[in-house]
Amino acid sequence: MNGDALLELRGLSVNYGRGRHRPPDAVRDVSLTVAPGETVALVGESGSGKSTIGNVVLGLVPASAGSVHFDGEDITAAGRRRRRELTRHIQPIFQDPYGSLNPSRTIRQTLVEPLLAHGRASAAAGERIAEVLDRVGLPADAADRYPDEFSGGQRQRIAIARALVAGPRLIVCDEPTSALDLSIQAQVLNLLRRLQRESGIGYLFITHDLALIRHAADRVVVLYRGRVMETGPAAHVTEQPQHPYTQALLAAAPVPDPVEQRRRRAQGEHSRV
Ligand code: ADP
Ligand code: MG
């Protein structure tokens, strides 16, 4: 066991099948760690098993084999009650800031829920909500408004506030900026990084977009069909990818600079399998 790891997956496999009709494993023998204050990106094309891994960590999908440890505790088969307690420490941020917020609830109602669930008195909750809204860059009066009064980027800030409010230690970010415009993406990524520096939260950062990870991640795990192809420091994997699949993925990543894009395409062409 890695003593410093906040999250450790060991030989994790997931198969969605039942009985005799089993599809191929959606995730196969994946091991990784996330340390406090670290961002580990899970990258791979659509269907490579990224969300499945995030959902196992969140307790939404069961592991078929292998284990999940959080802060040294084996939570692979944690029961419902323990899982509920763990939501204080492990929180998600999903891609869709429209779908993930309840339109009929004020922001305050959305943010107070995780606090009350973990026994915080409602008097203290008001202060905590104001503090968290400020940290994510929203005005205090946002608390009494509804989700549809906000832009996409602001809604993702609300989703981040909801993830933060109970003081988590690990956040599973599943394509947190994929639905946003490029300029807003950068703001939200910067916000996530700043919050991490302030609080030492670990991020398991899921994205199909390799272009993001140099800025957003410390380490990268590249997945293909549920298996780990390559893993290493973000700068290293993006600048000197070792595996042909990673090279092809980089060549396919949209890059705003057309010169850079041509260079990457030319590079990828030589090494594509
Ligand atoms: P990614 O997030 O990388 O796009 P997913 O983890 O969503 O990949 O999917 C990995 C594989 O598992 C895919 O083949 C997908 O069709 C399958 N899968 C995902 N969720 C389910 C589910 N709830 N039931 C059955 N198969 C699923
Ligand atoms: Mg996904």
Side-chain angles (χ1 to χ4, degrees), residues 7-32 34 39-68 75-77 80 83 90-101 152 155-156 159-160 163 170-180 185 188-189 192 202-213 216-217 219-232 234 237-238 241 243-254 273:
L7 176 71
E8 178 163 14
L9 307 183
R10 281 215 170 168
L12 179 71
S13 296
V14 177
N15 191 296
Y16 285 106
R18 287 177 170 222
R20 271 181 292 165
H21 301 284
R22 288 171 81 79
D25 285 347
V27 169
R28 179 78 193 170
D29 197 23
V30 168
S31 298
L32 62 82
V34 181
T39 299
V40 175
L42 269 181
V43 295
E45 64 196 336
S46 175
S48 57
K50 307 181 297 294
S51 294
T52 297
I53 293 172
N55 287 338
V56 170
V57 173
L58 292 165
L60 304 173
V61 164
S64 307
S67 66
V68 182
I75 60 165
T76 322
R80 280 181 59 181
R83 264 289 155 195
I90 307 177
Q91 278 287 315
I93 299 171
F94 293 113
Q95 171 175 348
D96 178 10
Y98 298 84
S100 70
L101 296 171
R155 281 185 227 203
Q156 202 54 311
I160 293 169
L170 177 74
I171 299 184
V172 176
C173 307
D174 192 342
E175 308 271 7
T177 63
S178 299
L180 305 174
Q185 278 195 17
V188 170
L189 291 174
L192 287 171
Y203 292 147
L204 183 62
F205 189 95
I206 293 171
T207 179
H208 68 281
D209 187 353
L210 259 173
L212 288 186
I213 62 178
R219 284 191 301 122
V220 181
V221 175
V222 180
L223 279 182
Y224 177 66
R225 296 193 180 173
R227 295 170 188 262
V228 175
M229 295 290 110
E230 176 167 0
T231 170
V237 172
T238 50
H243 195 278
Y245 175 70
T246 315
Q247 293 165 358
L249 203 61
L250 269 170
V273 269

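Both backbone and side-chain heavy atoms feed into the values below; hydrogens, waters and symmetry mates do not. Residue numbers count from 1 along this sequence. When a ligand or atom number is given, it counts from 1 through the structure's own listing order.
Close contacts between ligand 1 and A26 involve ligand atoms 11 (C), 12 (O) [criterion: under 4.0 Å to a heavy atom]. Short contacts between ligand 1 and S46, defined as distances under 4.0 Å to a heavy atom of the residue, involve ligand atoms 4 (O).
Once rounded to the nearest 0.5 Å, the distance linking CD of E175 with CG of L212 reads 8.5 Å. Atom-to-atom distance recorded for D29:CG and L9:CG is 11.5 Å, nearest 0.5 angstrom. Within the model, atoms CG of L12 and CZ of R10 stand 13.0 Å from one another, a figure rounded to the nearest 0.5 Å.
Of the protein's non-hydrogen atoms, G49 N, 3.2 Å is the one closest to atom 8 (O) of ligand 1. For atom 6 (O) of ligand 1, the closest non-hydrogen atom of the protein is T52 OG1, 2.5 Å. Nearest to atom 7 (O) of ligand 1 among the protein's heavy atoms is S51 CB, 3.9 Å. Protein heavy atom at the shortest distance from atom 3 (O) of ligand 1 is K50 NZ, 2.8 Å. Atom 19 (C) of ligand 1 has as its closest protein heavy atom Y16 CE1, 3.5 Å.
Within a 4.0 Å radius of atom 23 (N) of ligand 1, the protein contributes at least one heavy atom. For atom 15 (C) of ligand 1, the nearest protein heavy atom lies 4.0 Å or farther away.
Distances from the Mg ion (ligand 2) show that S46 has no N/O/S atom below 2.8 Å.
In this structure, a donor-acceptor pair under 3.5 Å is absent between the side chains of S64 and N15.
Using a 4.5 Å cut-off on side-chain heavy atoms (C-beta onward), I93 and V172 make no contact.
By the criterion of a heavy-atom distance under 4.0 Å, the backbone of E45, and not its side chain, is placed next to ligand 1.
When the heavy atoms of G47, P24, G17 are ranked by distance to atom 1 (P) of ligand 1, first place goes to G47.
Checking side-chain atoms of K50 against main-chain N and O of G44 turns up a donor-acceptor pair under 3.5 Å. Between the Q156 side chain and the P176 main chain, a donor and an acceptor come within less than 3.5 Å of each other. A donor-acceptor contact shorter than 3.5 Å is absent between the side chain of Q185 and the backbone of A179.
Within the 4.0 Å heavy-atom shell around ligand 1 one finds S48.
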(message) Between H243 and V222, is the side-chain contact (heavy atoms from CB on, under 4.5 Å) condition met? List the steps.
(response) CA-CA 9 Å; H243 195 278; V222 180; over 6 Å; no

